[in-house]
Undergrad: 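First, the structure itself, so that you have it in front of you.
For the single chain, residues carry numbers from 1 onward in sequence order.
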Amino acid sequence: MHVLGSEFGYKITVVSPEDEDKEILEQFDIDLDQELSDVDPDDLSIRPPVVTVMGHVDHGKTRLLDAIRQTEVVKGEAGGITQHIGAYQIHHEHAGVNRAITFIDTPGHEAFTAMRARGAKVTDIAILVVAADDGVMPQTIEALNHAQAANVPIVVAVNKVDKEGANPGRIRQQLTEYNLVAEEYGGDTLFVDVSAAKVTGIDQLVEAILLTADAAIDLRAIHEDDARGVAIEAHLDRGRGPVATVLVQRGTLSVGDAIVAGSAFGRVRAMMDEFGQEVEVAGPSRPVQVLGFTSVPSAGDSFIVAPDDRTARQIAEKRQAGERHAALAKARKKVSLEDFLEQSKVTTLNLILKGDVSGSVEALEDALVQLDVGTEVDLRVIHRGVGAITKSDVTLASASGAVIVGFNVKPEAHTAIFADEEGVEVRFYSVIYKAIEEIEAALKGLLKPEFEEAVLGRAEVREVFKSSKFGTIAGSLVSSGLIRRNAKARVLRDNVVVGDNLTIESLKRFKDDATEVREGFECGIGVGNFKDIQVGDVFEAFEMREKKRA
C-alpha cells in the first residue's frame, strides 16, 4: 500500500477510526483530549457518580431499581415516574450534604458492554445484585467479568435477605473466589444486605455507593463548557421524531445547542427529565431525553455540542461518509490467532472459553493458563462459562479484543452472523489438546495456515460404463458449478457419502479428454479403482484452499 502510494506521489498513513474521528473534529477546533489534570482546578466541580445495576436474571435487579426509584418519588413532590427514560437521578443526605446519584437502567450487561465496545466510559460504579437464597449463578459471573473488564469498582447488593433459606454469608464466601472480598473479611469490596420487596437496606446501599465513589473515583468535571457525553438509548417516536436519552459527562447541555451524536445531528429543541418535566440545562452526570435530532443515534454513540448547525451537519456528514467507506471495505478481524503476534500493540491474548460442561472448561482453562512461552506475551481468560456461545460473549469479545474458544458447543441462532459483523473470531474444538496446541502456536507466532474445503461443482450419474482401460466410467450431467480433472471428489447416494477422498483421474467430453466440464454439459468421469457407482449417484468435486488471513 505504501509503495503504491509513493508511485502516485502520496504519503499513506494508516490511522484508527478514533484518530480519524479526532482529525475530523480538529478541523472544527474541537479538542477531545483535554484531561482533568490540564484543567484549572477552579473550573472543576463535583459531579454525581454514575451507577449501573448488573446481575443474574431473576435476582431482583429491576425490583431493586424500582425500590431505589420509589424512595426518590416518595421524597419528592412528583406523583410518580411518568415515563421511562433509561436513566434517572436520586438524591441522598450524606455527611450533611445532599448528594445526587445517577442510575443507568440498562437491559443487562450486554448493553453495558456494547457501550464499552464503542469506547464509551459511561459507568463509574457497578452494583452486582446477588440473590441470598440462590447464590452465585452463571450470569452473576458473566456480569462480574464484564464489570471487571471495564475496570470499574463494584458494590455487591445481596438481595432477598428476607426470604426463607437466605444465606448472605454464603454469597460473601462464594464471591471471594472471584476476587471480591468483603470488608468484614479484610477486603475492600462493600457488601450490603437488602430486600427490594420490603424496601429495606436501600439507604445503606446508597451510602455504600457514595463511600465507594468518594474512595475510588475522581468525581470532578468541568461545568462551564460545551457539553459532551454519550447516548444511552434512542428510538423513533411517532409524535416527537427521534428521541435520545443522553448522559452529559462534562460541560452543560442547553436547549438550543447544536448537537452531534455519532452520525446523527440536530438542534436541542427540548429536554426532559425522568419525570417528564422540561429542563433548560443539564450538567455533568445528568441524564435527559433530547428532542431535535434529524435521525436516530445509536446506543453508545458519543455526543458533542458544535458551534453552530452548519458545523454539526458537516461533522455528521463526514462521519457518515467514513461509515459508508468502512462498510464497503472488507471487515477485518479485530484479533485472530494467526495475526496475534503481527499486531505489535497486542501483548496479551484475551480468550473467552465456552464449553458443554464446567469440568471441560476448567480443564481447558487450567491447561491454557499453565502455557509458558516467555515473558513478552501473555494469555488471559477474561470469561468462561457453560452453554452455547451467545451475543453477550461476542459483545464482550468485541469490547476486549478477545478470541472466543468453543469446546463442544456452537453459537446460538444469529450469533455467528453477529460475530462476523463485529469482527470477532470464534474457534471450535472437540479435543482439548488441539485447542492447547493452536493457542500455544499462536502465542509463539508459529500457527500454520489453515485450509478449507471449497466445493467446485456437482454432477449426477446418468449411466455407468465398464472400461478395461479406465475401469468404471460414470456418464454424468454437471448439475452445478464445474467438474475438474485431478480435483478431489466424493460420491453421494441419497445425500449419504458412499465414497470419499477420491480423485477424478479421467474426464472426457464424448471421446476427447477435458480439463474441466461446466454446468449443463455431459461428461464421463473416472475415479480410478472405485467401482461402487450407481445411476442416480452424485459426484461432488472439491479442492482444499488455504484460508485467507484477515
Undergrad: What pairs with K160 under side chain to side chain donor-acceptor pair (under 3.5 Å), at least two apart in sequence or on another chain?
TA: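 Listed in chain order: nothing, the list is empty.
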Undergrad: With sequence neighbours left out, which residue pairs that include part of residues 46-55 fulfil the salt bridge (charged side-chain N to carboxylate O under 4.0 Å, His left out) condition?
TA: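 Of all non-adjacent pairs touching residues 46-55, those that pass salt bridge (charged side-chain N to carboxylate O under 4.0 Å, His left out) are R47-D124.
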Undergrad: With sequence neighbours excluded, what pairs up with D257 under the salt bridge (Lys or Arg N to Asp or Glu O under 4.0 Å) test?
TA: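 Applying salt bridge (Lys or Arg N to Asp or Glu O under 4.0 Å) to D257 gives none.
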Undergrad: I need the L247 CG to I232 CD1 distance, nearest 0.5 Å.
TA: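 The distance works out to 4.5 Å.
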Undergrad: Atom CD of Q148 and atom CG of N179: how far apart are they, to the nearest 0.5 Å?
TA: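 The CG atom of N179 is 6.0 Å from CD of Q148, to the nearest 0.5 Å.
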Undergrad: Both conditions, 6.0 Å and 45 degrees, for the charged tip of K354 above the ring of F407: are they met here?
TA: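 Not satisfied by the 6.0 Å and 45° rule.
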Undergrad: Does A197 have any side-chain contact (heavy atoms from CB on, under 4.5 Å) partners at least two apart in sequence or in another chain, and if so, which?
TA: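 Here the qualifying residues are R63, S195.
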Undergrad: Classify the ring geometry between F103 and Y88 as parallel (under 30°), tilted (30 to 60°) or perpendicular (over 60°).
TA: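 Answer is parallel, since the angle falls under 30°.
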Undergrad: Partners of D309 by salt bridge (Lys or Arg N to Asp or Glu O under 4.0 Å), sequence neighbours excluded?
TA: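 Residues passing salt bridge (Lys or Arg N to Asp or Glu O under 4.0 Å) with D309: R267.
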Undergrad: Kindly write out the residues that satisfy side chain to side chain donor-acceptor pair (under 3.5 Å) with T294, not counting sequence neighbours, or none if the list is empty.
TA: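 Applying side chain to side chain donor-acceptor pair (under 3.5 Å) to T294 gives none.
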Undergrad: For atom CD of E183, decide whether the heavy atoms of other residues, nucleotides or ligands shown that lie under 6.0 angstrom number more than 12.
TA: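 Check passes, neighbour count above 12.
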Undergrad: Using the test side-chain contact (heavy atoms from CB on, under 4.5 Å), find all partners of A416 that sit at least two apart in sequence or belong to another chain.
TA: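 A416: side-chain contact (heavy atoms from CB on, under 4.5 Å) contacts with P411.
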Undergrad: Under 4.0 Å between a Lys/Arg side-chain N and an Asp/Glu carboxylate O for E274 and R286?
TA: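 Salt bridge flag = yes for R286 with E274.
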Undergrad: Kindly write out the residues that satisfy salt bridge (Lys or Arg N to Asp or Glu O under 4.0 Å) with E184, not counting sequence neighbours, or none if the list is empty.
TA: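 E184 satisfies salt bridge (Lys or Arg N to Asp or Glu O under 4.0 Å) with R172 once adjacent residues are dropped.
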Undergrad: Not counting sequence neighbours, which residues clear side-chain contact (heavy atoms from CB on, under 4.5 Å) with V281? List them please.
TA: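 With sequence neighbours excluded, V281 shows a side-chain contact (heavy atoms from CB on, under 4.5 Å) to T252, S254, given in chain and number order.
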Undergrad: Once side-chain contact (heavy atoms from CB on, under 4.5 Å) is applied, do any residues pair with V243, and if so which ones, sequence neighbours excluded?
TA: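 For V243, the residues satisfying side-chain contact (heavy atoms from CB on, under 4.5 Å) (neighbours in sequence not counted) are H235, D237, R240, Q289, L291.
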Undergrad: What is the distance from atom OG of S398 to atom CD of E421, rounded to the nearest 0.5 Å?
TA: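 S398 atom OG to E421 atom CD measures 11.0 Å (nearest 0.5 Å).
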Undergrad: What distance separates N145 CG from I382 CD1, expressed to the nearest 0.5 Å?
TA: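 Atom-to-atom, N145:CG and I382:CD1 are 7.5 Å apart.
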Undergrad: Considering residues at least two apart in sequence or located in another chain, which fulfil the salt bridge (Lys or Arg N to Asp or Glu O under 4.0 Å) criterion with D134?
TA: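 Checked D134 against salt bridge (Lys or Arg N to Asp or Glu O under 4.0 Å); zero matches.
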Undergrad: Would you tell me whether E438 and Y429 have side-chain atoms, one donor and one acceptor, within less than 3.5 Å of each other?
TA: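 Yes, because at least one side-chain N or O of E438 sits under 3.5 Å from a partner of the opposite role on Y429.
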Undergrad: Applying side chain to side chain donor-acceptor pair (under 3.5 Å), can you list everything that pairs with E365, at least two apart in sequence or on another chain?
TA: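 By the side chain to side chain donor-acceptor pair (under 3.5 Å) rule, E365 matches R384.
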